[in-house]
Amino acid sequence: MAERVADPIIRLRGVTKTYGEGATAFQALKGVDLDITGGDFVAVMGPSGSGKSTTMNILGCLDVPTDGEFMFKDVHIETLDRDQRALVRRKYLGFVFQGFNLLSRTSALENVELPLLYRGEDKKTRHDMGMAALEKVGLDKWWDHTPAELSGGQQQRVAIARAIVTNPDVLLADEPTGNLDSERSVEIMKLLTQLNQESGITVLMVTHEPDMAAFANTIVHFKDGLVERIETGMRARVDA
Ligand SMILES: Nc1ncnc2c1ncn2[C@@H]1O[C@H](COP(=O)(O)OP(=O)(O)OP(=O)(O)O)[C@@H](O)[C@H]1O
Ligand SMILES: [Mg+2]
């Protein structure tokens, strides 16, 4: 059987990012080249300040490169304007942050439905898709609880449900377990692994912890604003 050679879903070429201007300018990315294969589970590691979040924000269409090319599904994202980038974001990408970023007075279900509201879906569609996403993260029975009534691990699972409710192709997670203890962190990793393997979502996750990176198939190591090295072909850890 011929080996399947997948086109990368994400391709960065010579991506630079400079924050500020003049004497205070700081080059956070110095020419990043990176290919991400569709369906991969990628951990992004590297010292503090090495450019991991800067790269994630560019990949998530939240920020733009100063220079270089960012191709997503063969579209040159760096040529798009803000509104066009927002459409790409809403259609294809989901985000999870370290701090969960849930609306506090709002139920789990309403938090999860939010991206669908922005997309103009009707009430029944929002409800059905929201509940389906909560079910995927094992929290459908908790749909009417507010974040304060949920544990940290549960809040992060709600945030993941919100990120996947639109059925994105790529899930970007910047230190998703940074605020969680190790037991809760492993639960989140198992969930990301399950979403990757069962729903085929490409997962990119920043982590400082080798134990968490061990769940990924590929590890991208950043150093000083560049990709220093890439470990590939690892077997995802599913039995932790
Ligand atoms: N908005 C900004 N304005 C100015 N400098 C910034 C900005 N965001 C990031 N930087 C700088 O760019 C560099 C890379 O930051 P980045 O947040 O990408 O690092 P990181 O690898 O995610 O680090 P950490 O592991 O601490 O989260 C750092 O030196 C940081 O101070
Ligand atoms: Mg960071």
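Atoms considered below: every heavy atom in the structure, side chains included; atoms not considered: hydrogens, waters and symmetry mates. Order of appearance sets the numbers: ligands from 1, and atoms from 1 within every ligand.
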| query | Quick one: which of Gln98, Lys223, Lys52 has a heavy atom closest to atom 25 (O) of ligand 1? | reply | Lys52
| task | Within a distance under 4.0 Å of any heavy atom of Thr54, pick out the atoms of ligand 1 and give their elements. | result | 14 (C), 15 (O), 16 (P), 18 (O)
| request: May I ask you to identify the nearest protein heavy atom to atom 6 (C) of ligand 1, giving residue, atom name and distance to one decimal place in Å? | output: Tyr19 CD1, 3.1 Å
| message | Contact between ligand 1 and Pro47 is defined here as a heavy atom of the residue under 4.0 Å from a ligand atom; is it met? | response | yes
| message | Can a donor-acceptor pair be found, under 3.5 Å and without considering hydrogens, that links the side chain of Asn217 to the backbone of Asp40? | response | no
| Considering only the protein, which heavy-atom contact is closest to atom 29 (O) of ligand 1, and what is its distance? | Phe26 CE2, 3.3 Å
| remark: Of Leu134, Leu103, Val165, Thr146, the one forming a side-chain contact (heavy atoms from CB on, under 4.5 Å) with Asn111 is Leu103
| said: Applying a heavy-atom cut-off of 4.0 Å, say which part of Phe222 lies close to ligand 1: side chain, backbone, both or neither. | reply: neither
| Non-hydrogen atoms of Gly20 versus ligand 1: any pair closer than 4.0 Å? | no
| Can you tell me the protein heavy atom closest to atom 26 (O) of ligand 1 and the distance? | Ser48 OG, 2.5 Å
| said: Looking at Pro176, is its backbone amide N or carbonyl O close enough to the side chain of Gln156 to form a donor-acceptor pair, meaning the two atoms are under 3.5 Å apart? | reply: yes
| query | Which of the atoms in ligand 1, numbered in the order shown and given with their element, are less than 4.0 Å from a heavy-atom of His208? | reply | 25 (O)
| query | Is there a donor-acceptor contact under 3.5 Å linking the side chains of Asp67 and Thr16? | reply | no
| task | Would you check whether Gly46 reaches within less than 4.0 Å of ligand 1, judged by its heavy atoms? | result | no
| request: Would you mind telling me which of Val203, Ile10, Leu12 makes a side-chain contact (heavy atoms from CB on, under 4.5 Å) with Ile36? | output: Ile10
| query | Hey, is the main chain of Leu150 close enough, under 3.5 Å, to the side chain of Gln155 for a donor-acceptor pair? | reply | yes
| field | side-chain contact (heavy atoms from CB on, under 4.5 Å) assessment of Arg162 paired with Leu102 | value | CA-CA 9 Å; Arg162 183 183 55 188; Leu102 299 173; 3.8 Å; yes
| Hey, which atoms in ligand 1 end up nearer than 4.0 Å to a heavy atom of Ala28? | 12 (O), 13 (C), 14 (C)
| query | Can you find a protein heavy atom under 4.0 Å from atom 31 (O) of ligand 1? | reply | no
| request: Check whether any N, O or S atom of Met56 sits under 2.8 Å from the Mg ion (ligand 2). | output: no
| query | Within less than 4.0 angstrom of ligand 1, does Met56 place any heavy atom? | reply | no
| query | Under the 3.5 angstrom rule, does the side chain of Asp224 hit a backbone N or O of Ser50 as a donor-acceptor pair? | reply | no
| field | Contact with ligand 1 for Glu175, non-hydrogen, under 4.0 angstrom | value | yes
| request: Would you mind checking which non-hydrogen protein atom is closest to atom 23 (O) of ligand 1, with the distance to 0.1 Å? | output: Gly49 N, 2.8 Å
| Side-chain donor or acceptor of Lys52 paired with backbone N/O of Pro47 under 3.5 Å | yes
| Does Glu78 use its side chain to pair, donor to acceptor, with the backbone of Phe70 at less than 3.5 Å? | yes
| task | Might you point out which heavy atoms bring Ile9 and Thr37 nearest each other, and give the distance in Å? | result | CG2-C, 4.1 Å
| task | Considering heavy atoms of the protein only, find what lies nearest to atom 17 (O) of ligand 1 and give residue, atom and distance to 0.1 Å. | result | Ser53 CB, 3.6 Å
